Amino acid sequence: MNWLVVFLLCRKLRNLKGNIMSEVRVRIAPSPSGNLHIGTARTALFNYLFAKKNNGKFILRIEDTDAERTSQEYIDNIFDSLKALGLNWDEGPDVGGDYGPYTQSQRFDIYPKYAQILLDKGFAYECFCTPEELEQEKHEATQNKKAYVYSKKCVNLTEDEKAKLRAEGRKPALRFNIEKAQKAFHDSSILKFTDMVKGELHIDTDLLGDFVIMKSNGTPTYNFAVVIDDMLMKMTHVIRGEDHISNTFKQILIFEALGAEVPQFGHLGMILAPDRSKLSKRHGATAVSEFLEKGYLTEALVNFVALLGWSPSDGEELKTVDEIAQDFRIHELSSSNSIFEYDKLNWMNAQYIKKYSDEELGEKLKPYLTQYNLDELTHEQFIRMIEVTREPLKLLSDITDAVPYFFGEGVTIDADAQTKVLDTEVSQDVLKTFMEQAKDWEWTEENLHEKLEAFRGFYKEKGIKPKVTMWAIRVAVTGRTCGADMTAILAIIGKEKSFNRIKAAMKAKV
RNA sequence: GCUCCCAUCGUCUAGAGGCCUAGGACACUUCCCUUUCACGGAGGCGACGGCGAUUCGAAUUCGCCUGGGAGUACCA
């Protein structure tokens, strides 16, 4: 019976080890050279969903290697946007973690050590070429209509030659020896890997060209820093945009040269503008923070962006992040690009707006009402105003234009409404009659509702459509032909203000 | 130029050889509801880029073409 115990123990141990080994770790690694882009947000979301679904960790790493383009403002924007979207990270610059620091510029002392390892193993070599020499090579390549690949002229420099170049004051960059690495780990020059969303991808590494891993100023290039960080941070899966596919081949070779475990890759299609070009400022908002300012709800933004590539198995598209995570399978993501169209986002935003109570929505709407003196209304009136104006809102900011007539004394009459409605005899008659009858009305919404119904009935008998009757009052009081429920408007702004506006509308014509 | 990726309604997508006279959502549109605008409800319009091949049978497999996207830096 002993063997059975041993067997079970072994199996348990193996499973345990398997679980530890396979703890999913994914990351989003934005470069703070701009505000958090909506495309980056989607990549972050898919990473987050993948981590959630697999009980893994979601890590934030700031790739600020390029000091020129980095700014604290952008870093803050990235943090805030990610947090706003609810994509909270388990490890990152602010929360720390076991594999920090999580800001690349604070890791500069790490990279040379690994560069040295590659140098020692012969997978990297010093390159003393000047920018001018390199430019010349490229120029010749284009002249001869050939694809540019670095000439490798520094690959076999002797120690003497290097010493001489150094004496000239030249500082070498470090290049990765593609051919050497490829030959060491693969049968042919073809490098393959299985992408989680696109399937098998391959390239002929002879076409790649030895790329720089350490710049002559001692800082790492992107492709090198990413590999070192992903390796040291124990990333198991790398989910990113397909614009990184060509980098992936280079990175795989570095992982292999370092003897590190190569993570699984998954490349997402890009988000394109309606004209099928890259989504940029000229197409409108690109940063998450801009969308938020415009009045998009984070729930809608996240939900919408998830639908660019992912689709729900039950057909229900309105879903929370948690619900999406449950239903998320990376292998089922669409591998093609998708176009960012506002129509559906707007519709979705409206759907999420509807989910809020009047009180909650009122709070969210206040930032868009700063131009009005909210003190003119009691809290009850304010809430009632929200209640009767919220229906057509697609963006939170739509509220701004929906409520001007609730504030101030007078009202600007829309030119079209003036000629089409107020200038007609019927309308003037309606207003006159209204003033006569309404002066004795008790000014509560309930009573107004009844009275107005009767009022409409009175005119309907004379062959005037209810629509026409109400339009006269509406235009006089609000200045427009459309808007919230008329009864509510009258009740909220009060008898005096209503009468003043109607009188003004009458005087203007009669 | 070279390399790679992608290809179903206008848009996001379902579809992994017969269930597809291709389903859903947004948009558009018709009608209904209605004090306006809207919301909501019931309909409608609308796609497998092209050509070959495999097969009894292809949106689904393969090849070519076309179209779109990306990469091609001592940027990230």
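Hydrogens, waters and symmetry mates are skipped; everything else that's a heavy atom, side chains included, is used. All of these numbers come straight from a predicted model, not from anything done at the bench. Naming: A, B, ... by sequence-line order, numbering from 1 per chain.
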Can you measure A/D416 atom CG to B/U36 atom C1' for me and round it to whole angstrom units? 14 Å

From C-beta outward on A/E391, which listed nucleotide comes closest to its side chain: B/G69, B/A38, B/U13? B/A38

Pairwise C1' distance, B/G17 and B/U61 [rounded to whole Å]: 8 Å

Can you say whether a donor on the side chain of A/S338 sits under 3.5 Å from an acceptor on the base of B/C12, or the other way round? no

Determine the contact category for A/T65: base if any of its heavy atoms lies under 4.0 Å from a base atom, sugar-phosphate if only primed atoms, P, OP1 or OP2 are that close, otherwise nothing. sugar-phosphate

Please determine if a side-chain N or O atom of A/R175 lies less than 4.0 Å away from the OP1 or OP2 oxygen of B/C74. yes

B/A58 and B/G67: how far apart are their C1' atoms, nearest whole angstrom? 22 Å

Between B/C6, B/G69, B/G24, which nucleotide gets closest to the side-chain atoms of A/N337? B/G69

Out of B/C74, B/A76, B/A38, whichever nucleotide has its closest atom nearest the side chain of A/L134: B/C74

Given B/A25, B/C12, B/G69, the nucleotide with the shortest approach to the side chain of A/W347: B/A25

Closest to the side chain of A/L207, out of B/U3, B/C74, B/C12, is B/U3

Nearest to the side chain of A/S216, heavy atoms from C-beta on, is which of B/U36, B/C74, B/C6? B/C74

Applying the Watson-Crick and G-U wobble criteria at under 3.5 Å, what pairs with B/A14? Answer none if nothing qualifies. none

Taking NZ, NE, NH1 and NH2 as the nitrogens, is one of them in A/R107 or A/D64 under 4.0 Å from a carboxylate oxygen of the other? no

Between B/U13 (C1') and A/E341 (CD): distance, integer Å: 14 Å

For B/C4, take OP1 and OP2 only and decide whether either is under 4.0 Å from a side-chain N or O of A/K198. no

Please say whether more than 12 non-hydrogen atoms of neighbouring residues, nucleotides or ligands are located less than 6.0 Å from NZ in A/K462. yes

Return the orientation label for the A/W441 and A/F434 ring planes: parallel under 30°, perpendicular over 60°, tilted otherwise. perpendicular

If the C1' atom of B/C26 is compared with that of B/C45, how far apart are they to the nearest Å? 15 Å

What is the nucleic acid contact for A/G309, judged by heavy atoms within less than 4.0 Å: base, sugar-phosphate only, or nothing? sugar-phosphate

What integer number of Å spans the C1' atoms of B/G68 and B/A76? 25 Å

Does the pair A/K432/A/D429 count as a salt bridge with the N-to-O cut at 4.0 Å? no

Using atom C1' of each nucleotide, how far apart are B/U8 and B/G46 to the nearest Å? 12 Å

Calculate the interatomic distance between A/H244 atom NE2 and B/U72 atom P; express it in whole Å. 10 Å

Could you tell me how far B/G57 sits from B/G18 if I compare only their C1' atoms? Round to whole Å. 7 Å

Would you kindly give the NZ-to-C1' distance between A/K465 and B/U34, to the nearest whole Å? 13 Å

Name the nucleic acid region contacted by A/N346, choosing base, sugar-phosphate or nothing; use a 4.0 angstrom heavy-atom cut-off, strictly under. nothing

Any strand is fair game: report the nucleotide pairing with B/A22 by Watson-Crick or G-U wobble, both distances under 3.5 Å, or none. none

Give the nucleotide from the list B/C12, B/C5, B/C75 with an atom nearest to the side chain of A/L201. B/C5

Pairwise C1' distance, B/G15 and B/G23 [rounded to whole Å]: 8 Å

When you measure from the side chain of A/M470, which nucleotide among B/C4, B/C6, B/U35 comes out closest? B/U35

For atom P, what is the distance between B/G44 and B/U34, given to the nearest Å? 24 Å

Of A/D66 and A/G315, whose nearest nucleotide on RNA chain B comes first from the 5' end? A/G315

Do the charged groups of A/R166 and A/E168 touch, with an N to O distance under 4.0 Å? no

Selection from B/U11, B/G40, B/A76 that lies nearest to any side-chain heavy atom of A/K354: B/G40

Do A/R282 and A/S277 have side-chain atoms, one donor and one acceptor, less than 3.5 Å apart? yes

Counting the atoms with a prime plus P, OP1 and OP2 as sugar-phosphate, which does A/H267 contact under 4.0 Å by heavy atoms, base, sugar-phosphate, or nothing? nothing

Just to be sure I understand the rule, does A/G269 reach a base, reach only the sugar-phosphate, or reach nothing, if contact means heavy atoms closer than 4.0 Å? nothing

Mind checking if A/A484 touches a base, just sugar-phosphate, or nothing, with heavy atoms under 4.0 Å? base

Counting Watson-Crick and G-U wobble pairs only, both distances under 3.5 Å, name the nucleotide matched with B/A53, or none. B/U61

Quick one: label A/E317 by what it contacts on the DNA or RNA (base, sugar-phosphate, nothing), any heavy atom closer than 4.0 Å. base

Considering every strand and a 4.0 Å limit on heavy-atom distances, what is the contact class for A/D64: base, sugar-phosphate, or nothing? nothing

Strictly by Watson-Crick or wobble contacts shorter than 3.5 Å, is anything paired with B/C28, and which nucleotide is it? B/G44

Rounded to whole Å, CD of A/E137 lies from C1' of B/U72 at a distance of 15 Å

Can you tell me if the side-chain N/O atoms of A/S311 get under 4.0 Å from OP1 or OP2 in B/A14? yes

In terms of the nearest nucleotide of RNA chain B, which residue is placed more toward the 5' end: A/W471 or A/I203? A/I203

Counting only side-chain nitrogens and oxygens, does A/K215 get under 4.0 Å of the OP1 or OP2 atom of B/A76? yes

Check: A/H244 ring centroid to A/Y222 ring centroid under 6.0 Å: yes

Over all strands shown, is A/S33 touching base, sugar-phosphate only, or nothing at heavy-atom distances under 4.0 angstrom? nothing

Of the nucleotides B/U36, B/A76, B/A70, which one has an atom closest to the side chain of A/C482? B/U36

Carboxylate-amine/guanidinium contact A/D210 A/K152, below 4.0 Å: yes

Could you tell me how the ring of A/F340 sits relative to the ring of A/Y342: parallel (under 30°), tilted (30 to 60°) or perpendicular (over 60°)? perpendicular

In whole angstroms, how far is the P atom of B/C5 from the CZ atom of A/R276? 20 Å

Rounded to whole Å, how long is the line connecting atom CG of A/L452 with atom P of B/U36? 13 Å

In whole angstrom, what separates A/D343's CG from B/U13's C1'? 16 Å

Base, sugar-phosphate alone, or nothing: which one does A/R456 contact when heavy atoms must sit under 4.0 Å apart? base

